[in-house]
Amino acid sequence: MGNYQARKIEQKWQKVWKATGLHKVDLSDSGKKYYSLVMFPYPSGDKLHVGHWYNFGPADSWARYMRMRGRNVFEPMGFDSFGLPAENYAIKTGVHPRESTAKNVSYMVGQLSEMGAMYDWDKAVTTSDLSYYKWTQWVFLQLYKRELAYKKNAPVNWCPSCQTVLANEQAQDGTCERCKSEVEHKDLSQWFFKIRDYAESLLDHSDLDWPEKTKAMQKNWIGKSMGIDISYDVEGVSDKISVYTTRPDTNFGATFVVVAPESECVKKNSDKFEDKDAIAAYIHEAGKKTDIERIAEGRKKTGVFTGLHALNPLTDKKMPIYVSDFVLAHVGTGCVVGVPGSDIRDFEFAREKELEIIRVVVGSDGDESEIIKPEQVQEEEGKMINSEFLDGMDIHKATEAIMDHMEEKGWGKRVTNYKLRDWLISRQRYWGAPIPIVYCEKCGEVPVPEEDLPVELPMDIEFKLKGDGKSPLYHSESFRNCKCPTCGGDAEREVDTMDTFMCSSWYFLRYPCSKMTDKPFDKDVLDKWLPVDMYIGGPEHACMHLLYARFVTMALHDMGHIGFKEPFKRLVHQGMVTKDGAKMSKSKGNVVSPDEFVEKYGSDVFRMYLMFMGPFTDGGDWNDKGITGIARFVERFWSVVNGEEKVSDNNLLTKNLHKLIKRITEDIEKMHFNTAVAALMEFINFVMKNGIDKPAKKVMVQLIEPLAPHLAEECWEILGEKCNIVDSEWPSFDAKLIIDDRVKIGVQVNGKIRGEIEISKDAKQDEVVKMAQELPNIQKYLLEGKVVKEIYVPGKIVGFVIK
RNA sequence: GCCCAGGUGGCGGAAUUGGUAGACGCGCUGGAUUCAAAAUCCAGUUCUGGCUAACAGAGUGCGGGUUCAAUUCCCGCCCUGGGCACCA
């Protein structure tokens, strides 16, 4: 026999599997279909790191388990290959993104092949391939046709020195990553998708087997609220000012109005402001801050008085109007009414500007005094005071009453608001799918006809930053200049590319149809194979990617392109693998490659070690200290399979084997791979003492198949089986065989364990109590007082309460 | 700041319709084997006291509470991680 030659055996089976097409899926047979998907990787210069393995290994184990349960499993893989890092690399080194991406992809394909997963490479997609992004552009056109795409001005991070747009990542701490200049905001005309139109549909998770926390995060992200838009007259100005509030009940306490620096209201009325220079300077400064900074509670509030006043019709009070950066233009109407007695940020602002603070809600402490402490602001329950006809009502009733009142008077209108913003897809970058729009002087904005797709990304691009603020594609004359599809006259192409989230919002629809050239996908095929049965990926995608993918799927459904509304039936998030407590990234220099471990221990050991680290959904900090434990286990497993077949206790073997089947089955169902490995270790420890027979060996080998597929395949062959083990039937257990006749239970006195007894599983309470009482150590305690209660939880615990 | 998770031995973790906390593995200690080492095998291993015992006390981030009994349920904190819309 000898030691287990992991590398040799793994390469042998990978070759066989490839040659026999074991992992190719017949998509015409959808009867027992199972679409098992992982979020596809970005082909970065770091290649695959241990985090990918942590994710992909168990995902493949799951797919293998489902295949052994008789499902026709489709497990595709691909690359999300457009994006910023390849472009930055090009700017630095001059290497074309197409080249560096192709290199990274081919290296990663090699790494993934060594894993031995069941990927059907015939169906692979690479989003930067012409044959893929052609259809990303097609998806854009569908959304455009449906009037879900539109253009408007929106701010970008702008480096005044480099004269270029920066990603958030390049603008951390408000300075440019390259030159350290202070980052400013600049408005550009950009494309958006109306994801807000789908806010209600996206809030409906009722048919989704998703983690509760993910649903909660999406719900909070969408942020539905019911409130009222109130219009106030502004003294000396013809236009009214409109504010959105969810707490109109507090409006008798309104003492000022605040408008966002970038709001329409500021733009429209700037000529009427008192100190125009001060306000212009303030707006400029606000542009340098991030939203998170601006809205943080506890931060010192700043602002400039406009000289204008809004009139509160409830109180006839003149409310001064301020410009302040703690209000954001894209939230609600970009204007808020200041109620410092009931909102903590308004409270902070009022203190700063010495504005009137009125108590209108009495909270649980019953305090009605005029002076309000910060902790009394923002009461979630309470009743109204100082609010005329609302006085005495609880805040919820008052909210309804005042909204009725305001609507009757014509001062306001009930509205539903969402925090969700429309999806900004324009990117002023090269390495992305061009937006298929043409601008013609005569015809205006014209979508590229579907038959003219793809709009091909040009190669004649110089990556060095031009410093003229234009998108890279602007500089390709051959790309930019074109003929109008409608009138044939001279026209210019849109030079922005699409957000890469656009590529990943539909790739799962392309996999089953990846080779089609005349259409993005076939409705019949997709209606059979989708939704995805299991989708595995990181929780960091809870709000963005997963909402975008749902939105695109819903929109395509509503246009009749596909017959299902939701893309992902079941969702599981793997945990994140960190290194020294931090997310692995090139900038931190803490990326750990799986290659040396695969080389040294083999794919199976490495995969099982990652599983054994802890629960799949938890992740953890990477270290390689325990990997020898798994290597030892594999050696022992190997020697048991190859060892003699002699058993000292047959009944015990059967019982433990059936217990093992139960545990592994349940653990895999719950994705608790760590305890599945532990259970196998316990079983091996047991059979090393007790011995094993051939049928038990076979079951044991089947049970390890999802976790260590190469090892299992080799053992399966050694045990004389002909078929591939992944096509053997998952073992079942007999519940009757795993019942323990005798169990050890603890004996408690006043809740503390004082002894242990062994009882028969159907022993009666009297019997058990009597046995417990007879223990010398228990007698000692029983003599100390009077027994007031005897407790017996069958099979679990026996206890006495004494006084 | 806001939203969502998580905190258990020297380390990774196990155990939750409340019922013997620490399975499994790493590491460590002792032993066997060996000229020696590696590898392997056997035994021990939460901490404190105690005779390497019986047993007792403490113990699941911190402070309270409910209960015969709390890692598990409730209230209030602290810390760490993820996300916050141009990294993907």
Side-chain angles (χ1 to χ4, degrees), chain A residues 3 39-42 44 80 82-85 88 156-157 165-171 211-214 216-217 219-221 223 290-299 330 344-345 419-429 499-501 503-504 538-545 547-548 573 575-576 578 581-583 585 587 609 612-615 617-621 623 625-630 632-633 635-636 672 674-675 677-682 685 688 744-756 776-777 780 788-791 793 795-802:
Chain A
N3 287 354
M39 292 179 186
F40 61 168
Y42 174 77
S44 89
D80 189 12
F82 273 136
L84 187 64
N88 284 339
V156 292
N157 297 315
V165 176
L166 300 174
N168 286 344
E169 198 183 47
Q170 300 172 296
E212 287 305 319
K213 64 162 187 170
T214 312
M217 275 194 268
K219 198 179 157 213
N220 293 330
W221 183 267
T290 67
D291 289 1
I292 294 168
E293 259 179 84
R294 284 171 51 169
I295 62 175
E297 280 172 22
R299 176 179 157 262
H330 57 74
I344 191 70
R345 287 195 293 259
K419 282 192 198 138
L420 180 69
R421 315 218 284 264
D422 274 344
W423 178 10
L424 167 62
I425 59 144
S426 292
R427 296 293 180 269
Q428 296 70 39
R429 302 190 201 293
D499 178 7
T500 54
F501 274 125
C503 311
S504 56
E540 67 272 21
H541 293 292
C543 293
M544 303 180 70
H545 162 64
L547 280 175
Y548 296 147
H573 296 302
M576 179 173 289
T578 56
K583 193 172 169 177
S585 76
S587 54
Y609 177 58
F612 195 57
M613 264 173 64
T617 50
D618 282 9
D621 201 54
N623 75 71
K625 276 197 288 188
I627 195 164
T628 51
I630 302 290
R632 279 176 202 154
F633 161 67
E635 286 296 344
R636 271 182 256 145
H672 290 182
N674 55 330
T675 48
V677 175
L680 280 160
M681 286 173 167
E682 283 180 61
N685 291 343
M688 301 256 290
K744 284 181 179 168
I745 64 167
V747 183
Q748 292 183 336
V749 180
N750 286 350
K752 278 201 184 338
I753 295 292
R754 299 296 180 186
E756 184 186 85
N777 201 43
K780 194 174 83 190
V788 294
K789 199 174 172 189
E790 293 168 355
I791 299 150
V793 182
K796 293 265 171 72
I797 202 90
V798 53
F800 303 95
V801 183
I802 65 164

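Chain A is the first sequence line, chain B the second, and so forth, proteins listed ahead of strands; every chain is numbered from 1. Computed from heavy atoms alone, side chains included, the values below leave out hydrogens, waters and symmetry copies.
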Collect all protein-nucleotide pairs involving nucleotides 30-32 of chain B in which both atoms are nitrogen or oxygen and the distance is under 3.5 Å.
none

Polar atom pairs (N or O), protein with nucleotides 66-76 of chain B, under 3.5 Å:
from	atom 1	to	atom 2	distance (Å)
B:rC68	O2'	A:Gly751	N	3.3

List every contact pair, protein side and nucleotides 79-88 of chain B side both N or O, where the distance is under 3.5 Å.
from	atom 1	to	atom 2	distance (Å)
B:rG83	OP1	A:Lys583	NZ	2.9
B:rA85	N7	A:Arg421	NH1	3.4
B:rA85	N6	A:Lys419	O	2.9
B:rA85	N1	A:Arg421	N	2.9
B:rC86	OP2	A:Arg427	NH2	3.1
B:rC86	O4'	A:Arg427	NE	3.4
B:rC86	O3'	A:Asn168	N	3.3
B:rC86	O2'	A:Asn168	N	2.4
B:rC86	O2'	A:Asn168	OD1	3.2
B:rC86	O2	A:Arg429	NH2	2.2
B:rC86	N4	A:Gln190	OE1	3.1
B:rC86	N4	A:Ser426	O	3.4
B:rC86	N4	A:Gln428	OE1	2.9
B:rC87	OP2	A:Asn168	N	3.3
B:rC87	OP2	A:Glu169	N	2.6
B:rC87	O4'	A:Glu169	OE1	3.2
B:rC87	O4'	A:Glu169	OE2	3.3
B:rA88	OP1	A:Leu84	N	2.9
B:rA88	O3'	A:Asp80	OD2	2.5

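For the C1' atom pair drawn from B:rG18 and B:rG1, the interatomic distance equals 37 Å after rounding to whole Å. Nucleotides B:rU60 and B:rU8, compared at atom P, are 11 Å apart to the nearest Å. The P atoms of B:rA58 and B:rA36 are separated by 49 Å, rounded to the nearest whole Å. Here the separation of B:rU72 from B:rU20, taken at their P atoms, is 14 Å to the nearest Å. Here the separation of B:rU29 from B:rC47, taken at their P atoms, is 15 Å to the nearest Å. Rounded to whole Å, the P atom of B:rC2 lies 31 Å from the corresponding atom of B:rU66. Taking atom C1' in both B:rG7 and B:rC77, the straight-line distance is 14 Å, to the nearest Å. Separating the C1' atom of B:rU71 from that of B:rC51 is a span of 34 Å, rounded to the nearest Å.
Applying the side chain to side chain donor-acceptor pair (under 3.5 Å) criterion to A:Asn750, with sequence neighbours excluded, gives no partner residue.
Remark: A:Arg294 is not in phosphate contact with B:rG1, judged by side-chain N or O atoms under 4.0 Å from OP1 or OP2. Phosphate contact (OP1/OP2 of B:rC26, side-chain N/O of A:Arg632, threshold under 4.0 Å): present.
Note: CD (A:Glu756) to P (B:rC55) measures 11 Å, nearest angstrom. Atom CD in A:Glu212 sits about 13 Å away from atom C1' in B:rC4, given to the nearest Å. B:rG27 atom P lies 10 Å from atom OH of A:Tyr609, rounded to whole Å. As rounded to whole Å, 8 Å separates atom C1' of B:rA56 from atom NZ of A:Lys780. Taking atom CG of A:Asn685 as the reference point, atom P of B:rA43 lies 10 Å away to the nearest angstrom.
Glycosidic conformation of B:rG9 is syn; the angle stays within 90° of 0.
Residue order along RNA chain B, read from the 5' end via each residue's closest nucleotide, puts A:Ile295 first among A:Val677 and A:Ile295. In terms of position on RNA chain B, the residue among A:Thr214 and A:Val747 whose nearest nucleotide sits closer to the 5' end is A:Thr214.
With A:Arg345 contributing its side chain and A:Ile295 its backbone, the two residues share a donor-acceptor pair below 3.5 Å. Of the possible polar contacts, none joining the A:Thr675 side chain to the A:Ala678 backbone as a donor-acceptor pair under 3.5 Å is found. In terms of modelled atom types and a separation under 3.5 Å, the side chain of A:Asn157 and the main chain of A:Leu166 share a donor-acceptor contact.
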Check your understanding: How does RNA chain B look in dot-bracket notation if pairs are Watson-Crick or G-U with both distances under 3.5 Å, crossing ones as [ ], other-strand ones as |?
Key -> (((((((..(((......[....)))((((((.......))))))((((.....))))..(((((..]....))))))))))))....
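Scanning both residues, A:Met217 and A:Ala542, for their nearest heavy atoms gives CE-CB, 3.9 Å. Pairing each heavy atom of A:Trp221 with each of A:Lys419, the nearest pair is O-CB, 3.8 Å.
Using a 3.5 Å distance cut-off with no hydrogens or angles, the side chains of A:Thr617 and A:His573 do not pair a donor with an acceptor.
Side-chain contact between A:Ile797 and A:Ile745: absent, with no pair of heavy atoms (C-beta onward) separated by less than 4.5 Å. Counting heavy atoms from C-beta outward, A:Asp499 and A:Leu424 have side chains that stay 4.5 Å or more apart. Here the side chains of A:Phe800 and A:Arg754 are not in contact, with every heavy-atom distance at 4.5 Å or above. Between A:Val801 and A:Gln748, every side-chain heavy-atom pair lies at or beyond the 4.5 Å cut-off.
To the nearest 0.5 Å, the span separating CZ on A:Phe40 from CG on A:Asp80 amounts to 3.5 Å. The line from CZ of A:Phe612 to CG of A:Asn674 is 8.0 Å long, rounded to the nearest 0.5 Å. Note that the CZ atom of A:Arg427 and the CZ atom of A:Phe82 stand 14.0 Å from one another [nearest 0.5 Å]. Remark: A:Ile292 CD1 to A:Arg294 CZ distance equals 12.0 Å, nearest 0.5 Å. With values rounded to the nearest 0.5 angstrom, A:Ser504 atom OG is found 10.0 Å from A:Met544 atom CE. Atom-to-atom distance recorded for A:Asp618:CG and A:Met576:CE is 13.0 Å, nearest 0.5 angstrom.
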Point to revise | Sequence-aligned protein contact record of nucleotides 6-15 of chain B, with B where the base is within under 4.0 Å of a protein heavy atom and S where only the sugar-phosphate is | key: ------BSS-
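Residue-level contact check: A:Ile745 touches the bases, meaning some heavy atom is under 4.0 Å from a base atom. A:Arg636 comes within 4.0 angstrom of the backbone, heavy atoms only, and of no base.
Relative orientation of the A:Trp423 and A:Tyr548 rings is parallel, given thresholds of 30° and 60° on the angle between their planes.
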